[in-house]
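The basis for the numbers below is simple: all heavy atoms, side chains too, and nothing from hydrogens, waters or symmetry mates. So you know, we letter chains A, B, ... as the sequences are listed, proteins then strands, and number each from 1.
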Amino acid sequence: MLSWIIKNQLAEVLIGRANAQSFMPTQASEIAKSVDSLYSFLLIISLIACVIVIGGMIYFAYKYRRRSANDKTAYISHDTRLEILWSVIPLVIFLFVFAWGWIIYHDMRTMPKEALEIQVIGRQWAWVAEYKNGVQSNVLVVPVKRDIRLVLSSPDVIHSFYVPSFRIKQDVVPGRYTSLWFRAEVMGEFHVFCAEFCGTSHSGMITKLRVVSQTDFDKWLIEEADSSLLPPVEYGKKLFTTKTCASCHFEDQPGVKIGPTMKGLFGLENHEMVDGTTVTADENYLRESILASQAKVVKGFGPRSAMPAFQGQLSEKELSAIIEYIKSIK
Amino acid sequence: MAHAGHDVDYIHAEKGLKSWLLTLDHKRIGILYFVTVMFFFLCGGIAALLLRGELFSYNAQANVGEILKNGDIYNQVMTYHGAIMVFMVIIPGIPAILGNFFLPLMIGAKDVAFPKLNLLSWYCLMAGAALAILTMFTGRVDTGWTFYTPYSIQTGTAVSMMVVAAFIMGMSSILTGLNFIVTVHKLRAPGMTMHRMPLFVWALYSTAIIQVLATPVLAITLLLLMMERVLGVGIFDPKLGGDPVLFQHFFWFYSHPAVYIMILPAMGIISELITTYSKKVIFGYTAIAYSSLGIAAVSFFVWGHHMYVSGQSELAGTVFSFLTMLVGVPTAIKMFNWVATMYKGSIEFRSPMLYAMGFLFLFAIGGVTGIMLATLAVDVHFHDTYFVVAHFHYVMVGGTLMAIMGGFFHWFPKMFGKMYNEAGARWSFVFIFVGFNVTFFPQFILGGMGMPRRYFDYIAAYQPLNRISTVGSWLILTGFLIGLYVIIQGLRKGAKAPPNPWGSTTLEWQTASPPIVHNFDHEPVVTAGPYEYK
């Protein structure tokens with residue numbers, strides 16, 4: 001009952017067109033709208049509270065400003081009725097807000113039964129979505145008006161999957177699965193941020209969530225699924241992005257120093273390492289550097305490499321394709 | 001004043017650096033803390049300005065207008081800003097400087113209960129701080145002040161040393177707390193019943209209880225982290241079979257009460273300032289005193305509100321949200337009591353009162369946004385965004401720092417026996433207050449727009465508000481520089497202060513300015529409450 005009143009009536013009556021969301025991102029789901037209603041209510045209540053406290057303070061400060069050093073002041077030690085009043089009223093408001101917040105939170109946390117399930121892996125420093133048919137993608141593509149459930153996991157440190165336009169956020173914790181769900185009501189592209197500090201490129205761990213029609217989604221899924229049949233260089237180029245290499249190793253961007261550039265790397269002799277030794281950048285060097293990133297660290301990027309080790313994370317076919325792609329960057 | 005050896009004021013009683021470094025006088029130890037915490041504040045402040053400078057422009061990848069070279073350096077500066085400001089400025093700030101100096105004076109005691117322990121606390125803070133600063137030269141730390149696992153286990157930076165530093169600084173906090181509790185119970189002057197204690201003392205007492213009960217949990221947590229990092233015992237790292245969320249529970253079990261270690265003493269100062277400059281008895285003495293204890297008690301049961309999206313259960317989140325709402329009530333009571341105290345008063349707008357009113361203004365905003373963050377569904381959106389950054393700066397900087405500044409100008413004549421330039425102090429307030437709002441209010445909106453915190457770089461849409469925020473940080477800098485100038489001028493050329501320049505009724509104003517070594521000529525006998533203004 002309370003739930004119904006809050007959701008349907010109160011929000012309408014109290015909030016009306018009060019517009020908290022003018023500063024908030026697009027409302028791309030129903031949950032986003034109900035969160036914003038509650039936020040609008042909180043804003044109004046807060047504004048009233050601030051007017052009472054700050055306004056009262058300024059009014060008293062003006063009205064009772066010192067006029068002479070011998071001003072007589074009232075001796076008012078307390079007023080039990082007043083004190084009970086200003087304890088109970090905030091308490092009632094707080095509990096009401098608590099209940100309202102809980103109701104929406106419960107909706108956020110209750111997973112729909114017939115949802116499209118997508119595995120999302122957050123790793124330093126990119127997002128990878130894995131679909132049921134084996135497609136891997138850095139951009140999360142979902143169909144509109146359908147319940148989507150994301151199963152989140154991390155192979156390294158804690159990340160947090162955050163889509164402002166859906167008002168949803170969930171930490172991605174290594175060693176366990178967490179999940180969240182949403183239902184996009186509008187098509188378009190939305191930002192996905194990592195909200196939990198995760199190291200060097202935390203602020204670069206941004207991707208897009210693309211909401212498309214069901215038809216476009218089906219088409220996209222089939223097109224993407226064929227990519228393992230691509231020639232190795234092109235398959236490797238794709239993996240270079242989905243396996244997050246491209247987050248740090250840019251083809252050529254002077255000044256950016258997260259990872260060394262891959263441009264013209266293959267075949268390089270006298271490639272200088274942080275310990276002063278030099279190597280020749282052949283296939284085996286590339287292979288070792290991908291699987292055990294700490295083995296040889298390029299000068300200027302040490303002493304310890306920021307790169308996670310990919311041992312056990314890539315199949316032979318994927319590894320070969322990535323190396324073929326690196327060889328092709330001239 | 002100095003007509004006999006034992007009557008000489010505490011500053012001139014002895015000479016030389018050694019007499020300061022080995023002093024057992026609570027007032028001198030307060031001054032030691034003052035000098036060192038000011039230095040730490042300078043370090044943390046420079047870090048803050050660097051961060052704001054970096055965030056002036058977006059697109060760090062293209063190296064446009066960069067202050068800091070890369071994400072790693074930004075993360076390190078962000079970590080030092082947080083760790084220094086929390087562990088070395090705000091936590092020791094009020095209790096160790098003003099508390100040390102005034103707690104014994106306000107209850108009519110000669111000193112704290114354990115003067116040697118008091119000095120040891122200062123050396124603990126120094127040792128911890130020295131280690132913390134040393135990490136800047138041995139690999140630095142980039143975990144944020146929260147040390148979240150498993151990142152803090154995996155990162156190659158000097159986390160172990162920083163953790164040891166925080167551990168030692170925690171010792172300092174525990175010893176100070178212990179000292180204050182015993183002092184309040186054992187050394188009150190005749191007639192100084194608990195209910196006649198000034199509210200600053202009540203606030204310090206509540207704070208001390210939290211310090212003694214909560215800080216050991218931080219120590220245990222940090223020890224476990226060390227065992228994991230150094231010995232490889234699996235506690236928090238999933239690779240070793242541990243649970244990273246467990247760390248967050250441990251960490252916030254300390255760090256949430258620590259928030260009240262930071263704010264309760266500030267609230268105590270505000271009670272003193274508002275009564276003095278309104279020349280009026282405080283409204284609802286009992287309610288304010290016991291709401292401090294109430295906040296202290298409930299503060300131990302709300303840590304999970306930092307973790308609504310961490311993966312803890314929905315039930316846990318719900319319980320923590322409910323309990324957090326309960327903390328809002330005693331806080332609201334205090335706000336209403338302070339405003340009510342001004343009613344029918346005789347309000348003098350001296351700089352400490354301006355700071356107190358600034359506190360009420362900023363803390364009101366900090367408080368209502370706290371309720372927003374306590375609300376489950378709304379917090380899911382705001383968690384780990386700039387909304388949170390804005391909120392905790394409003395309560396900790398807007399609250400605690402305003403109170404420190406107000407309290408400092410209020411007690412400056414007592415501490416140093418000199419007056420300061422009132423106009424200068426007011427200008428410093430104006431710049432800090434305006435600058436603070438310009439810096440942090442836009443961050444609420446940025447958070448609403450979805451900008452996550454701890455970001456070295458951000459998307460284009462966030463740039464205008466970030467620019468305003470950065471300009472605000474320069475205004476704050478200006479305010480503090482003016483404040484520093486006023487303090488130095490006051491110390492050098494200030495007119496001699498009378499014992500009670502503001503007409504205050506609490507005990508510390510009944511002795512000379514600066515106080516004599518043993519605080520009072522004769523042990524004071526108390527016959528009435530602390531705020532008997534007529």
Side-chain angles (χ1 to χ4, degrees), chain A residues 23-25 35 38-39 42 46 49-50 53-54 56-57 60-61 64-66 71 73-78 83 86-87 90-91 94-95 97-98 101-102 104-105 108-109 157-158 160 162 164 167-171 173-176 178 193 195-203 255-257 304, chain B residues 61 63 70-72 144 148 150-151 154-156 238 244-245 279-281 283-285 287 309-311 314 318 321-322 325 328-329 332-333 335-336 339 342-348 357 360-361 364-365 368 371-372 375-378 380-381 383-384 445 448-450 452 454-457 533:
Chain A
F23 280 118
M24 301 281 264
V35 169
L38 173 50
Y39 178 53
L42 279 164
S46 300
C50 284
V53 172
I54 298 171
M57 171 186 89
F60 289 163
Y64 302 112
R65 65 191 182 278
R66 185 163 300 177
D71 278 356
T73 58
Y75 188 90
I76 310 167
S77 68
H78 67 287
E83 290 181 77
W86 70 41
S87 308
L91 180 67
F94 293 164
L95 291 182
V97 165
F98 156 74
W102 180 17
I104 303 172
Y105 182 68
M108 284 178 174
R109 302 306 313 159
V157 300
I158 301 177
S160 192
Y162 176 34
R167 316 284 186 272
I168 51 167
K169 186 180 287 124
Q170 176 61 53
D171 281 7
V173 186
R176 69 162 82 168
T178 51
F193 294 127
E196 183 63 66
F197 177 67
C198 60
T200 310
S201 271
H202 169 52
S203 57
V256 177
K257 287 239 173 139
R304 206 175 163 280
Chain B
Q61 290 204 335
N63 259 333
N70 56 40
D72 278 333
Y148 267 22
Y151 186 75
Q154 294 171 14
T155 176
V245 180
K279 209 175 156 191
K280 191 160 161 282
V281 67
F283 185 96
Y285 172 91
V309 300
S310 69
E314 186 194 330
T318 308
S321 173
F322 177 79
M325 294 296 176
V329 177
I333 291 175
M335 293 293 287
F336 291 129
V339 175
M342 293 167 71
Y343 173 70
K344 291 198 173 173
S346 162
I347 297 160
E348 192 184 13
M357 289 171 66
L360 290 184
F361 185 98
I365 296 174
V368 294
I371 293 296
M372 294 180 189
T375 309
L376 283 162
V378 176
V380 171
H381 179 57
H383 178 78
D384 268 338
I445 304 168
M449 291 164 74
R454 296 177 167 179
Y455 262 33
F456 167 59
D457 195 10
Y533 294 92

For the residue pair [X] and [Y], establish whether any side-chain heavy-atom pair is separated by less than 4.5 Å.
| X | Y | value |
| --- | --- | --- |
| Ile76(A) | Phe283(B) | yes |
| His78(A) | Tyr285(B) | no |
| Met342(B) | Tyr64(A) | no |

Using every non-hydrogen atom in the two residues, find where [X] and [Y] come nearest and quote the distance to one decimal.
| X | Y | result |
| --- | --- | --- |
| Tyr105(A) | Glu314(B) | CE2-CG, 3.5 Å |
| Pro150(B) | Val157(A) | CG-CA, 3.8 Å |
| Tyr455(B) | Ser203(A) | CG-CB, 3.5 Å |
| Pro164(A) | His381(B) | O-CE1, 3.6 Å |
| Val339(B) | Val53(A) | CG2-O, 3.8 Å |
| Ile158(A) | Pro244(B) | CD1-CB, 4.0 Å |

Count the heavy-atom pairs under 4.5 Å between each of [options] and chain A, then report the option with the highest count.
| options | value |
| --- | --- |
| Val378(B), Ile365(B), Leu360(B) | Val378(B) |
| Ile371(B), Thr318(B), Thr155(B) | Thr318(B) |
| Ser346(B), Gly71(B), Gly311(B), Pro452(B) | Ser346(B) |

Go through the atoms of [X] and report whether side chain, backbone, both or neither lie under 4.5 Å from a heavy atom of chain B.
| X | answer |
| --- | --- |
| Phe193(A) | both |
| Ile54(A) | side chain |
| Val173(A) | side chain |
| Met108(A) | side chain |
| Gln170(A) | both |
| Ala74(A) | both |

Mind ranking [options] by heavy-atom pairs under 4.5 Å with chain B and telling me who comes out on top?
| options | result |
| --- | --- |
| Leu91(A), Asp171(A), Leu42(A) | Asp171(A) |
| Gly56(A), Gly175(A), Gly199(A), Ala49(A) | Gly199(A) |
| Met57(A), Arg65(A), Arg66(A) | Arg66(A) |
| Ile168(A), Val97(A), Thr178(A) | Val97(A) |
| Pro174(A), Pro90(A), Cys198(A) | Pro174(A) |

For the backbone of [Y] and the side chain of [X], can you confirm whether one donor and one acceptor N or O come within less than 3.5 Å of each other?
| X | Y | answer |
| --- | --- | --- |
| Tyr162(A) | Val380(B) | no |
| Lys169(A) | His383(B) | yes |
| Thr73(A) | Lys279(B) | yes |

*Report, as yes or no, whether the 6.0 Å neighbourhood of atom CZ on Phe60(A) holds more than 12 heavy atoms from other residues, nucleotides or ligands.*
yes
*Between Met372(B) and Tyr39(A), does a side-chain contact (heavy atoms from CB on, under 4.5 Å) hold up when you go through it step by step?*
CA-CA 7 Å; Met372(B) 294 180 189; Tyr39(A) 178 53; 3.7 Å; yes
*Value rounded to 0.5 Å, distance of CD1 in Ile333(B) from CD in Glu83(A)*: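 The CD1 atom of Ile333(B) sits 8.0 Å away from the CD atom of Glu83(A).
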*To the nearest 0.5 angstrom, please state how far the CZ atom of Phe361(B) sits from the SG atom of Cys50(A).*
8.0 Å
*Taking only residues two or more places apart in sequence or in another chain, which ones pass ring pair (Phe, Tyr, Trp, His ring centres under 6.0 Å) with Trp102(A)?*
Phe98(A)
*With sequence neighbours excluded, tell me which residues meet ring pair (Phe, Tyr, Trp, His ring centres under 6.0 Å) with Tyr148(B).*
none
